[in-house]
Amino acid sequence: MRIIRFLLLLTLFLGIGYYFLQENNMDAEDAIDKFSKVLEQKKSLLESKEVPKKRKSISLEGDVFQWIDNPSDKLLETFGEPLRKDLSAYGYTWWVYTDQFNQYIQFGVRDDKVVTIFATGNDLSIEPVKISESYASVNDQFSFNKMVNYSKGLSSYTFHLNEEDLKMRPLAKITDDIFIQFYFDTFTKELSSIRVIKAETLLKHRPYEIEYRGDLPESPDLTDKEWKKVESGMEQQIFDITNVMRNQYEKDPVDWASGAREVAFLHSKDMADNNYFSHYALNGEGLKERLAEKDIDYRTAGENIAAQYPDAAAAMEGWLNSEGHREALLNNEYTHLGVGVYRFYYTQNFLSKL
């Protein structure tokens, strides 16, 4: 029996160090971004008869976990209408519930059932763990491993986690087809957020290297109109999560800046259209020139960029765990933020207004 095993390696990459500008010194301070990784994909044909082993189910008590597979009608009965309903790139719609300061929860709903949940902030019911719990404590409960297995019928899948994955976003199998991604702040070694996710949805996201036999579920082929809805939703998600994260680290919230949003969006689109990843466009222009072109006044400005993260929440956790991006994200001098997303390219433009 020939078993086809594709190794899909999705490398997440960030601009190292954020672009920083001041009114009195408008040149970037050594803001030449560094590529530490590039997006690559490897395929190989191998023969194997290995079948992933099943893992004993883990009992979860927290309210958030119990929403998986529940009908969306119960969300309405319990929480009321969401703040927004944001289309995702994976065939489900995010129902967003947040006070835009203290808590943030979004439920992914497909065919009127919850298939994934992302949650961060304070006072969340996610027993047996809690936000800000230490890595060691969570690891004691879930025993993080480099390989996590899943099987369905004749198909079998193994998620391979590298060292960075284990430190920043370890994966745990909870039941036969439900998983949790634990996102950690690698600077404090504390839990930052969680994502509860059904197996099929996790396979669509592909945040880890996957070894498998059988078929991989494909994401929908979106129209340009649908992509605009996805991008707009991710922009708002990044803005909301930014303020919840800033609150967790005792920083002031930022206000939405529509002008900076346009600048950020155009830069994300330019990177995607021209296949590059940098704070500087191919013509050499940087954040200073982009802001000046739109007549945006500011005292200081900073820019975060990211690419090929599966969604807004994942990009946020990447920025939190990159020293330069973290500096911008948690800089208390910034008062405004514009976010621009095009496909899977993400840009944050932070401003301190005059």
Side-chain angles (χ1 to χ4, degrees), residues 60-127 129-131 169 174-175 177-183 192-205 207 217 219-220 222-223 225-245 247-248 253 256 309-317 339 341 343-344 346:
L60 295 172
E61 301 172 357
D63 290 342
V64 170
F65 298 115
Q66 297 175 17
W67 282 101
I68 291 291
D69 281 329
N70 267 275
S72 55
D73 285 349
K74 286 194 175 181
L75 286 177
L76 290 174
E77 291 174 9
T78 305
F79 301 111
E81 286 289 340
L83 179 68
R84 295 190 314 275
K85 291 183 180 180
D86 298 336
L87 184 66
S88 80
Y90 303 99
Y92 57 84
T93 297
W94 285 118
W95 289 30
V96 179
Y97 293 89
T98 178
D99 59 7
Q100 300 175 306
F101 183 72
N102 195 55
Q103 282 189 350
Y104 184 93
I105 306 176
Q106 54 185 39
F107 298 89
V109 175
R110 185 179 66 235
D111 298 329
D112 295 321
K113 286 190 176 181
V114 176
V115 297
T116 185
I117 305 164
F118 174 82
T120 190
N122 300 319
D123 303 322
L124 294 173
S125 179
I126 55 172
E127 290 79 9
V129 297
K130 61 183 180 180
I131 299 299
R169 46 184 170 267
I174 304 307
T175 68
D177 68 342
I178 298 176
F179 297 78
I180 300 181
Q181 285 181 283
F182 295 95
Y183 291 103
S192 171
S193 63
I194 62 160
R195 187 194 301 263
V196 191
I197 189 166
K198 295 274 289 184
E200 182 180 1
T201 304
L202 180 63
L203 288 169
K204 289 180 180 179
H205 282 209
S219 298
L222 302 180
T223 65
K225 184 176 181 180
E226 289 170 329
W227 266 116
K228 286 182 179 179
K229 292 180 180 179
V230 172
E231 293 157 2
S232 177
M234 288 199 289
E235 290 172 357
Q236 290 299 317
Q237 291 160 28
I238 287 174
F239 178 76
D240 289 341
I241 297 171
T242 293
N243 274 334
V244 171
M245 283 186 171
N247 177 55
Q248 286 180 282
W256 181 257
Y309 283 96
D311 63 9
M316 285 298 306
E317 294 295 335
V339 182
V341 177
R343 302 306 192 258
F344 294 114
Y346 311 86

Any donor and acceptor pair, going by atom type alone, linking the side chain of [X] with main-chain N or O of [Y] inside 3.5 Å?
{"X": "Gln100", "Y": "Asp240", "value": "no"}
{"X": "Gln106", "Y": "Trp95", "value": "no"}
{"X": "Ser232", "Y": "Lys228", "value": "no"}
{"X": "Glu235", "Y": "Val341", "value": "yes"}
{"X": "Tyr90", "Y": "Pro310", "value": "yes"}
{"X": "Thr93", "Y": "Leu87", "value": "no"}
{"X": "Tyr92", "Y": "Lys113", "value": "no"}
{"X": "Tyr346", "Y": "Tyr309", "value": "yes"}

To check you understand the geometry: which heavy-atom pair defines the closest contact between [X] and [Y], and what is its length?
{"X": "Ile131", "Y": "Ala119", "result": "CD1-O, 4.5 Å"}
{"X": "Val230", "Y": "Ser88", "result": "CG2-O, 3.4 Å"}
{"X": "Gln237", "Y": "Trp94", "result": "NE2-CD1, 3.7 Å"}
{"X": "Asp86", "Y": "Val96", "result": "OD2-CG2, 3.6 Å"}
{"X": "Asp99", "Y": "Gln103", "result": "OD1-N, 3.0 Å"}
{"X": "Phe179", "Y": "Ala199", "result": "CE1-CB, 3.7 Å"}

Discussion item. What's the separation between atom CG in Asp123 and atom NZ in Lys130, rounded to the nearest 0.5 Å?
Written reply: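 Rounded to the nearest 0.5 Å, the CG-NZ separation comes out at 11.0 Å.
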
Fill in: CG-OG distance between Leu203 and Ser219, expressed to the nearest 0.5 angstrom
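Output value for this atom pair is 10.5 Å.
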
Worksheet item: Ion pair present between Glu317 and Arg195, side-chain N to carboxylate O less than 4.0 angstrom?
Response: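 Judged by the 4.0 Å cut-off on N to carboxylate O distance, Glu317 and Arg195 do not form a salt bridge.
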
Discussion item. Considering only residues two or more places apart or on different chains, which pairs with a residue in residues 68-80 satisfy salt bridge (Lys or Arg N to Asp or Glu O under 4.0 Å)?
Written reply: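 The answer is Asp69-Lys198.
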
Discussion item. With side-chain contact (heavy atoms from CB on, under 4.5 Å) as the criterion, how do Asn243 and Phe101 come out once you've worked through the C-alpha distance, each side chain's angles and the decisive distance to 0.1 Å?
Written reply: CA-CA 6 Å; Asn243 274 334; Phe101 183 72; 6.0 Å; no

Discussion item. For the CZ atom on Phe79, are there more than 12 heavy atoms of other groups (residues, nucleotides or ligands in this structure) within a distance under 6.0 Å?
Written reply: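 It does: Phe79 CZ has more than 12 such atoms within range.
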
Worksheet item: Which class fits the ring pair Phe118 and Tyr183: parallel under 30°, tilted 30 to 60°, perpendicular over 60°?
Response: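 Correct class here is perpendicular.
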
